[in-house]
Amino acid sequence: MPWPSRKRDKEAVADKEESDAKIAKTEEKASDKQEEEKSAKPPAGKSTSGWKNWKKKASESGGEESKITYCHWLLKSEPESRLEKGVDVKFSIDDLKAQPNQTTCWDGVRNYQARNFLRSMKLGQQAFFYHSNCKEPGIVAIVKIVKEAYPDHTQFDKKHLYYDSTSKKENPKWSMVDVQFVRMTKRFIPLSEIKVHHLEHKAKGGPLKNMMLFAKQRLSVQPLTQEEFDFVLSLEE
DNA sequence: GCCAACGTTGGC
DNA sequence: GCCAACGTTGGC
């Protein structure tokens, strides 16, 4: 079975069993800390249809708004070949389109905050497919969540790039979702362009002023508010 | 290829 | 629990 390697985030790829105890300990700490992020859950009572909004505590940089609603996502993937431990991590939008059903499991996320975002994704929600670490970084397509979070099998596979010796089958540490291609954006939306708007909105106000792409630049799985998603989509035209 | 940003590790 | 050293991400 081909596991198209892709997706960033794998600081915990531990091959050394020796330091297991220590690693487990610090990771638990990290996990606890990130668990707060997880309090970002769908509001229990109200939910309309297929997708639900969910709330998250504003990052203190946001200040005034105590709650931000997210219902869309941004997923980073590398479109250009790059070897990691001898394995090519390339996974472009063309690679996604070439998958059966144009669907793939989003494996290899090894960062707690990104994992928690994966776990809060709901069936049918849309995400931007973003090309990172390449000549022209930016948004190329829209995908949707077709399977909600379940254990990432690569964490248990000793031979896999994303193997994590500290994760146990009884209590899997890492999750993945399945995503399916929806459509290409009408045009490529480069990071540089989004950034111009972000900076302007930050200075004068506007929907992209807190966009996580810039506030949490290294996160490979990011939430977007409805307003952020709509604004970025409006750039298509 | 450089390197800033930032997440993780581990000594104290 | 602090924080310096270290490693990774990812734009440029």
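Numbered from 1 within each chain, the chains take letters A, B, ... in sequence-line order.
Considering only side-chain atoms of A:Asn111, the nucleotide from C:dG10, B:dT8, C:dC12 that sits closest is B:dT8.
Atom pair A:Lys195:NZ and B:dA4:P shows a separation of 14 Å (rounding to whole Å applied). If you measure from atom CG of A:Leu75 to atom P of C:dG10, you get 12 Å, rounded to the nearest angstrom. What separates CG of A:Asn133 from P of C:dG11 is a distance of 7 Å, to the nearest Å. Between the CG atom of A:Leu191 and the P atom of C:dT9 there is a distance of 17 Å, rounded to whole Å. A:Lys216 places its NZ atom 17 Å from the P atom of C:dG11, with the value rounded to the nearest Å. Rounded to an integer number of Å, the gap from CD of A:Gln222 to P of C:dT9 is 14 Å. Rounded to whole Å, atom P of C:dT9 lies 12 Å from atom CZ of A:Arg110. Atom CZ of A:Phe214 and atom C1' of C:dC12 are 14 Å apart (whole Å).
Counting side-chain heavy-atom gaps under 4.5 Å among Ile, Leu, Val, Met, Phe, Trp and Tyr, the cluster of A:Met176 also holds A:Tyr150.
Paired with A:Phe129 under the rule ring pair (Phe, Tyr, Trp, His ring centres under 6.0 Å), one option of A:Trp106, A:Phe188, A:Phe181 passes, and it is A:Trp106.
For C:dT9, neither phosphate oxygen OP1 nor OP2 lies less than 4.0 angstrom from any side-chain nitrogen or oxygen of A:Tyr130. Residue A:Lys76 has a polar side-chain atom (N or O) positioned under 4.0 Å from OP1 or OP2 of C:dG10.
In this structure, A:Lys135 reaches neither bases nor backbone, as no heavy-atom distance under 4.0 Å exists between it and the strands shown.
Residues satisfying the salt bridge (Lys or Arg N to Asp or Glu O under 4.0 Å) criterion with A:Lys186, sequence neighbours excluded, are A:Glu237.
The distance from atom CG of A:Leu161 to atom OH of A:Tyr163, rounded to the nearest 0.5 Å, is 13.5 Å.
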